[in-house]
Each structure stands twice: as C-alpha cells, then as structure tokens.
Engineer: 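First the structure, which I've put down as structure tokens, then a few questions once you've had a look.
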2 protein chains.
Amino acid sequence: LAKVIGWDIGGANTKATFLATRDGKMTALRTASKYFPMWKKPEELNAVLSELRNQVSGSDELDCVGVTMTAELSDTYRTKREGVNHVLAQVVQAFPLTKILVVDVNAELKSLEEAKANPLSVAAANWAATGWMVSKLLRNCIVIDVGSTTTSIIPIVEGSVSAAGKTDLEKLIDGELVYTGSLRTNAATIVNSVPLEGGVARVSSELFAQTGDVHLVLGNIKEEDYTVETADGKGKTRAESLARLARLVCADTETLSEDEIVQIANYVYEKQVEQITEGLSQVYSRVKRLTKREIAVVVTGLGRNFLGRKAAIQVGLNRVVDLGELVKRDIAKVSTAVGVALMTASKLEGRPVQWTQ
Amino acid sequence: LAKVIGWDIGGANTKATFLATRDGKMTALRTASKYFPMWKKPEELNAVLSELRNQVSGSDELDCVGVTMTAELSDTYRTKREGVNHVLAQVVQAFPLTKILVVDVNAELKSLEEAKANPLSVAAANWAATGWMVSKLLRNCIVIDVGSTTTSIIPIVEGSVSAAGKTDLEKLIDGELVYTGSLRTNAATIVNSVPLEGGVARVSSELFAQTGDVHLVLGNIKEEDYTVETADGKGKTRAESLARLARLVCADTETLSEDEIVQIANYVYEKQVEQITEGLSQVYSRVKRLTKREIAVVVTGLGRNFLGRKAAIQVGLNRVVDLGELVKRDIAKVSTAVGVALMTASKLEGRPVQWTQ
C-alpha cells in the first residue's frame with residue numbers, strides 16, 4: 001500500500017502525478033499541470049507544489065514524493081548547483097514531513113541527502129524517469145518525448161535506459177536532447193529565412209512568434225493546448241497567431257495574406273521536424289549497432305504525433321507507438337511525472353508497480 | 001537660421017539630435033539616446049521625447065522636428081499602421097506647437113498630415129535618413145549601419161540612395177536588412193549548434209545569451225557600451241556574460257571552462273559576421289552592375305568595426321571608411337538621428353546644410 005506524488009518541475013511547467021497502489025497494483029492515478037515560469041518568481045514554487053498536491057491527492061496522506069527537475073537551468077540561478085538546491089529546498093518547504101526521493105541521471109532514486117550532496121547528479125534527469133517507465137513496457141525502443149519546450153530522445157536497449165549522455169550538454173551533443181518544442185520555441189531559432197514572394201526573406205531575431213503559433217495556425221494544436229504565454233502577451237486566437245507569425249518577417253496581417261502566413265508556418269514546421277529527425281537519426285545510428293532487432297518508436301508529449309511520429313517516419317522508423325495508447329491512458333502531457341510516480345511507488349512496494357492491463 | 005531635432009524612434013532605443021544652423025552652416029550639434037523598450041510602456045514615449053529634448057536643446061525654441069521610426073514593428077501594435085499612428089500621436093503630444101516632418105521610404109520629408117494619410121510610407125524609413133546623409137558625402141558607396149538590434153545595408157549610387165527594397169520585408173529579401181545587431185540579438189537565432197568538447201552541441205532555443213554577451217566577452221565592446229537589458233536581468237560584468245553564454249548549451253560556469261565559453265562566443269561571432277557578409281554580398285552584386293566604379297563601404301553604428309568592417313573585408317571590399325572619421329564627429333551610435341536632423345534643417349534652409357569641414 002503506497003500513496004505517492006511524482007513531480008516533474010520544469011522551467012516553464014510544473015507537473016504532478018498522484019499514484020496509489022495496493023499489493024503492487026495501481027488503484028488510483030491522477031495528474032495535474034500548471035504553467036509556472038520559474039524565472040519570474042522562483043520563491044513561489046512551494047505554493048505551486050501545494051496547489052497541485054491538493055488537486056491530485058486532496059487531503060490524502062502521502063508516503064513519499066518523488067522529484068525530477070529541469071528548472072535548475074533557469075537563468076534565475078547562477079549555476080545548476082544553486083538551481084537544484086533551491087528547487088529541493090522548495091520541495092522540502094511544501095512537504096516538510098514527507099519522505100522525498102529524487103531521480104538521478106542513472107534512473108535511480110536517491111535520498112534527499114544524497115541529492116543535496118551531489119546536486120549535478122539529479123539535474124535534468126526527467127528523461128531518465130520517462131525512460132525507466134517505458135523500459136518496463138518495451139524492451140527495445142526509442143522514446144521521443146516532445147514537450148512544450150524541448151524534445152527528449154531516449155534509447156531503451158534490452159529493458160534498460162541506454163543514454164549516451166547524462167548531462168544536458170552531453171545530450172545536446174549526442175542527439176538525445178533537441179531544444180525544440182511544440183509551444184515555447186522561438187520560430188527565429190528554427191529558421192534563418194523563409195521562402196516568400198518568390199524570394200527568400202531573412203527573419204527577425206526578436207521573439208515575435210513561437211511554435212505554439214505555428215501549430216495553432218496549422219491546426220496541429222487547439223487553443224486550449226496553447227498553455228503558455230504568447231510572445232506579445234496577446235490572445236491565442238488564430239488571428240492573433242497569424243499576426244505574430246507575420247512579424248517574423250517584419251510584416252503584418254495587412255501586408256501579408258493569410259495564405260502567405262500559413263506558408264511561413266508550414267516552412268517553420270518542416271524545419272522543426274528536421275531538427276528532431278537529425279537528433280533521432282543520430283540516436284538511432286548508435287542504437288541499431290547495440291541491438292539487431294527492429295526498433296519501435298514510442299512517442300509522447302503534446303507534440304508526439306505532429307512532431308515525434310512525423311520525424312520517426314521520415315527516419316524510416318515506421319513502427320510508431322503512442323505511449324498513451326500503449327498504456328490506455330491519456331498521460332502524454334505528463335509522462336515524466338507519471339514515470340517519477342511509478343519509480344517512487346515501485347521503490348516503496350519493492351517491485352515494479354503493475355499499472356497497465 | 002534653423003533649430004531642429006531629428007528623432008530616430010526605435011523599438012528598443014530612442015535617439016535625438018539637435019542641430020542649429022545659420023546661413024546654411026551648422027552652428028551646433030548635440031545628441032542623446034535612451035534605452036526605451038517600446039513594447040513595455042508605449043504610452044510613455046512622449047515623456048521620453050520630452051526628456052531627450054531637454055537634454056539636447058534645453059529651453060531653445062525649435063523651428064521643426066523631423067522623425068523617423070522603426071518602433072511601429074513592436075508587437076505592442078496589431079499592425080504597422082497602428083504603430084506609426086501611435087508613434088506620431090506621441091510626437092504630437094511631446095511637440096504640440098512645433099512643426100513636424102516625417103521621413104518616408106523615398107528619403108523625402110513629408111508633412112504630419114501626409115504621413116498620417118499613408119502610414120506605411122513612413123514605416124521603417126531609418127535607412128533612408130542615414131543613406132540621404134551619406135549620399136551628400138560620397139557619391140558611390142555602400143553604408144553598413146550595425147545597430148544594437150539590426151544591420152542596415154544601404155547602397156548609394158551616383159549621389160542617391162538606391163535601395164532595392166522599400167519595406168522591411170523587401171529589405172529582408174534583398175539583403176538590405178539583416179536582423180542581427182551588436183547587443184540585442186539572441187545568440188540562438190545566429191547558431192543552431194556550436195563545436196564543443198570534440199563534438200557539436202545543439203543550442204538551447206531560450207533567450208539565454210545575446211550578442212552583447214558575445215562581444216563583451218570577446219572585448220569588442222566595453223561594459224558601458226552594453227546599454228540594453230541582459231537576458232537574465234543580471235549585470236554586465238564579464239563573469240555574468242560568461243554565465244549567460246554557458247547556458248546557451250545548457251551548461252554553466254561550473255561545468256565549462258572560461259576557454260570553452262570564449263570558444264562558443266568566437267563561434268557565434270564568426271556566424272554573425274557571416275550573416276552580414278551574406279547580406280552585403282547580395283547588395284554588392286546588384287550595385288556593382290549599376291556603377292563601374294570602385295565602391296567604398298561606409299560603416300557606422302556600435303558594431304561598425306567588429307561587425308561592419310569585418311564583413312566588408314571578407315567580401316573583398318577593402319576601402320572601408322568609418323562615418324565618424326569621415327565627418328570628424330563621434331556620431332556612430334546616433335547616425336540615423338543625425339541624418340534626420342540634417343534632412344530637416346536642409347529643408348528649412350532650402351539647401352543641404354554644410355556640417356563637415
């Protein structure tokens with residue numbers, strides 16, 4: 001019998017998964033998520049944690065909370081060490097009487113004391129939690145988790161997470177982290193120019209439009225999926241997204257037609273898929289030497305289909321599985337937090353929790 | 001006898017030049033500049049104008065003010081039309097009793113009424129003012145004005161501004177506007193990856209570091225030149241810039257050495273020069289068909305030497321002239337406002353004002 005919350009504390013979003021188990025089997029799973037840009041008011045994190053805790057677990061007593069984070073990269077902190085320590089302190093403030101475990105980059109749970117003693121070993125271990133969870137479902141695959149901000153590409157070989165990189169930097173080199181996402185990515189970081197009016201237009205380097213605008217305009221997401229701030233602080237209608245995209249080439253909706261703006265969005269989309277394709281190819285080229293089997297791709301995150309699946313198919317990996325369909329639950333947008341909750345409950349139970357039928 | 005102020009109202013900086021003339025000759029020239037991010041409090045522009053006016057002209061009565069702007073592109077406005085009209089309204093509020101003239105994209109001064117009637121004809125005409133000024137000094141040349149945010153490449157042929165594009169979008173296509181600058185440009189819009197630790201690291205798409213950090217770390221600018229906000233809101237010391245640059249590859253100053261971060265800065269610098277080189281090559285390929293003469297390059301703006309001159313020499317244009325040295329005045333950072341003031345005073349005098357010895 002265990003009641004836990006798994007936390008995924010990102011720079012822009014904080015996510016919680018409540019998991020209750022009995023005799024090694026899941027009896028309840030509830031998730032919640034909140035847009036919380038850490039760099040604005042880092043000292044309010046503990047209040048956000050308490051708020052989400054109430055949403056997912058009500059007044060239930062908890063046996064343990066598990067934590068993973070990427071918020072330590074936020075530029076509110078001088079170093080990652082400072083960031084990790086601050087986030088952990090906020091967790092302690094929100095859960096002063098609860099046991100706290102922290103995911104490390106080897107996909108293991110460390111005690112709070114161990115994490116504090118070696119903060120860099122628990123920085124940006126989100127992929128390890130997601131990978132651990134999938135490794136219990138499929139023995140050989142590549143996970144593509146396309147979040148609002150970043151894309152993690154996680155190789156699972158013979159039932160274990162088999163990452164080439166442990167830190168963000170190593171992963172950026174190895175193709176396992178592609179810093180592109182379905183909502184928050186500045187379009188100007190994806191393209192240097194776009195074809196337009198028979199020429200090639202350079203783009204503005206401001207933050208005028210982000211991928212949320214691209215995918216809204218193309219119908220890849222709905223308004224309610226666009227859960228982050230817009231670049232200009234204005235709304236999330238199609239018209240407002242079109243206006244932001246027009247600004248990418250220093251134009252506006254008066255001087256560019258809707259067709260032309262949609263063409264810009266399509267071009268950015270194509271280039272964003274290419275970013276993921278390149279990372280995936282790099283990871284796949286390593287993994288296929290490790291295993292001779294056919295490799296499935298497991299996609300999750302808000303961008304799992306319009307970015308993750310699309311990239312997989314372009315690389316020639318046609319066996320694509322939606323994690324949500326695999327586990328018959330709508331967990332795409334919170335899969336890391338679910339992974340952390342499963343790791344934590346499994347640790348308490350002394351065996352992997354059974355959570356799929 | 002004329003007393004005027006020339007205004008260059010940008011999205012991030014507002015610049016003023018007071019110019020007094022007598023019998024067609026300059027008797028006084030004073031400049032001022034203020035970092036004023038328009039998108040934050042657009043309704044305070046008139047107060048900024050009044051403040052700068054006091055700095056440059058004290059209580060002197062003015063015969064006229066001349067205006068050019070790029071602030072209409074700010075995403076505080078729905079369209080450029082709305083932006084131009086708002087900026088003009090703010091100018092009227094600051095100078096209710098003074099004659100107002102507005103530079104248009106044909107390098108001509110229009111009345112306030114004409115400008116209001118055709119707002120798009122006066123949007124982003126800053127290059128026209130700079131070009132007009134240089135065209136009175138050199139008959140055949142290419143001007144490279146590298147500001148904090150953007151680079152204008154302005155061809156002067158046989159004594160006239162000979163721009164292929166009139167709007168920002170046309171210029172982005174024609175190579176006459178390269179949206180890269182010496183301070184405010186997000187490094188992640190310049191590079192997709194950087195060589196590091198024997199590999200190639202993808203970069204974060206956040207606004208973690210900007211060109212101000214690159215050029216400060218490389219010694220291209222001094223702390224006092226770094227006149228815009230930093231990405232993390234922290235200070236402008238070398239150590240703080242190094243920390244921001246480390247974050248570009250999701251690292252920090254604990255895990256990367258200073259040498260490695262300087263290597264990143266150098267790589268971004270090289271790629272930024274390339275951006276300008278490409279625009280310049282495009283403009284030059286057109287201009288050299290128009291004139292058989294050797295073309296000089298006139299550089300101005302904060303980045304005139306470490307970006308403008310460097311790009312010119314890479315293109316093989318070795319006759320590079322610093323505008324400030326040409327006119328024997330330190331006007332590099334306000335050359336557009338000086339151009340507007342000269343256009344305005346010349347219009348009142350009925351002939352080009354003599355302002356160089």
Side-chain angles (χ1 to χ4, degrees), chain A residues 11 39 73-83 120 124 149-150 167-175 177-181 184-186 188-190 192-193 196-208 231-234 243-244 247 249-256 275 278-279, chain B residues 11 39 73-83 120 124 149-150 167-175 177-181 184-186 188-190 192-193 196-208 231-234 243-244 247 249-256 275 278-279:
Chain A
W39 58 91
L73 180 62
S74 162
D75 61 12
T76 193
Y77 305 120
R78 225 172 31 83
T79 59
K80 293 177 181 233
R81 180 181 298 274
E82 184 183 310
L120 295 185
T149 307
T150 60
T167 66
D168 277 345
L169 175 54
E170 286 166 5
K171 290 182 173 299
L172 287 168
I173 293 173
D174 294 328
L177 173 58
V178 183
Y179 212 112
T180 200
R184 287 189 59 252
T185 309
N186 183 348
T189 66
I190 299 176
N192 296 318
S193 59
L196 204 66
E197 299 186 353
V200 174
R202 289 162 177 80
V203 301
S204 157
S205 55
E206 307 283 352
L207 172 51
F208 276 153
D232 56 5
K234 298 197 172 74
R244 286 188 286 269
R247 229 170 260 129
V249 289
C250 300
D252 60 16
T253 48
E254 200 181 318
T255 48
L256 282 185
Q275 292 181 307
E278 281 173 17
Chain B
W39 58 92
L73 180 61
S74 162
D75 61 12
T76 194
Y77 305 120
R78 225 173 32 84
T79 59
K80 291 175 183 237
R81 181 181 299 274
E82 183 183 310
L120 296 185
T149 307
T150 60
T167 67
D168 276 346
L169 175 54
E170 287 166 4
K171 290 181 172 298
L172 287 168
I173 293 174
D174 294 329
L177 174 59
V178 183
Y179 212 112
T180 199
R184 287 188 60 252
T185 309
N186 183 347
T189 66
I190 299 176
N192 297 318
S193 58
L196 204 67
E197 299 188 352
V200 174
R202 289 162 177 80
V203 302
S204 158
S205 55
E206 307 282 353
L207 171 53
F208 276 154
D232 56 4
K234 298 198 172 74
R244 286 187 286 269
R247 230 170 259 129
V249 289
C250 300
D252 60 16
T253 48
E254 199 181 318
T255 48
L256 282 185
Q275 292 181 307
E278 281 173 17

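A note on names: the letters A, B, ... follow the listed sequences, proteins ahead of strands, and every chain is numbered from 1.
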Engineer: For the candidates B:Gly233, B:Ala243, B:Ser204, which exhibits the highest count of non-hydrogen atom pairs separated by less than 4.5 Å from chain A?
Structural biologist: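 Answer, by heavy-atom pair count under 4.5 Å with chain A: B:Ser204.
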
Engineer: For B:Thr255, does its backbone N or O pair with a side-chain atom of A:Lys80 as donor and acceptor, under 3.5 Å?
Structural biologist: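 Here the side-chain-to-backbone pair does not exist.
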
Engineer: How close do A:Asp168 and B:Cys250 get, heavy atom to heavy atom, and via which atoms?
Structural biologist: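 Looking at all heavy atoms of both residues, the closest pair is CB-CB, 3.5 Å.
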
Engineer: Could you tell me which portion of B:Val200 (side chain, backbone, both or neither) has an atom closer than 4.5 angstrom to a non-hydrogen atom of chain A?
Structural biologist: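 Contact with chain A: backbone only.
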
Engineer: Would you indicate whether the side-chain heavy atoms of A:Leu169 and B:Glu197 approach each other to under 4.5 Å?
Structural biologist: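 Contact flag for B:Glu197/A:Leu169 side chains = yes.
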
Engineer: Identify which part of B:Leu207 has an atom lying under 4.5 Å from any heavy atom of chain A, answering side chain, backbone, both or neither.
Structural biologist: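 Backbone only.
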
Engineer: Under a 4.5 Å cut-off applied to non-hydrogen side-chain atoms, are B:Val203 and A:Thr189 in contact?
Structural biologist: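 Of all side-chain heavy-atom pairs linking A:Thr189 with B:Val203, none is under 4.5 Å.
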
Engineer: Below 4.5 Å from any heavy atom of chain B, which atoms of A:Arg78 appear? Answer side chain, backbone, both or neither.
Structural biologist: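 Contact with chain B is through the backbone of A:Arg78 alone.
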
Engineer: Grab the two heavy atoms, one from A:Arg247 and one from B:Leu73, that are nearest each other, plus how far apart they are.
Structural biologist: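 Taking every non-hydrogen atom into account, CD-O, 3.6 Å.
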
Engineer: Can you find a pair of side-chain heavy atoms, one from A:Arg202 and one from B:Leu177, that are under 4.5 Å apart?
Structural biologist: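 Counting from C-beta outward, A:Arg202 and B:Leu177 never come under 4.5 Å.
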
Engineer: Sort B:Glu170 into side chain, backbone, both or neither according to what part of it lies under 4.5 angstrom from a heavy atom of chain A.
Structural biologist: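 Answer is neither: B:Glu170 stays 4.5 Å or more from chain A.
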
Engineer: Heavy-atom pairs under 4.5 Å with chain B are the metric here; pick the option from A:Gly11, A:Ala188, A:Gly199, A:Ser74 that has the most.
Structural biologist: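 Top option by heavy-atom pairs under 4.5 Å: A:Ala188.
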
Engineer: I need the residue from A:Asp252, A:Asp75, A:Asn192 with the largest number of non-hydrogen atom pairs under 4.5 Å to chain B.
Structural biologist: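 So the answer, after comparing A:Asp252, A:Asp75, A:Asn192, is A:Asp75.
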
Engineer: I need the residue from A:Ala201, A:Gly198, A:Ser205 with the largest number of non-hydrogen atom pairs under 4.5 Å to chain B.
Structural biologist: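 Of the options given, most contacts go to A:Ser205.
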
Engineer: Compare every heavy atom of B:Glu206 with every heavy atom of A:Thr149, then report the nearest pair and how far apart it is.
Structural biologist: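 Scanning both residues, the minimum pair turns out to be CG2-OE2, 3.3 Å.
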
Engineer: Within the 4.5 Å heavy-atom criterion, are B:Leu120 and A:Glu254 side-chain neighbours or not?
Structural biologist: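 The answer is yes, as the side chains (C-beta and beyond) meet within the 4.5 Å cut-off.
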
Engineer: Can you say whether B:Val178 sits under 4.5 Å from chain A via the side chain, the backbone, both, or neither, judging by heavy atoms?
Structural biologist: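 Backbone plus side chain of B:Val178, per the 4.5 Å heavy-atom cut-off to chain A.
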
Engineer: At a heavy-atom distance under 4.5 Å, which candidate from B:Thr167, B:Thr185, B:Asp232 has the highest pair count against chain A?
Structural biologist: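 Most pairs with chain A among the choices: B:Asp232.
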
Engineer: Return the minimal non-hydrogen interatomic distance between B:Thr253 and A:Thr79, and the atom names on each side.
Structural biologist: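 Closest approach of B:Thr253 to A:Thr79: OG1-CG2, 4.1 Å.
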
Engineer: Looking only at heavy atoms and a cut-off of under 4.5 Å, which of A:Arg244, A:Gln275, A:Lys234 has the most pairs with chain B?
Structural biologist: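 Winner by heavy-atom pair count: A:Lys234.
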
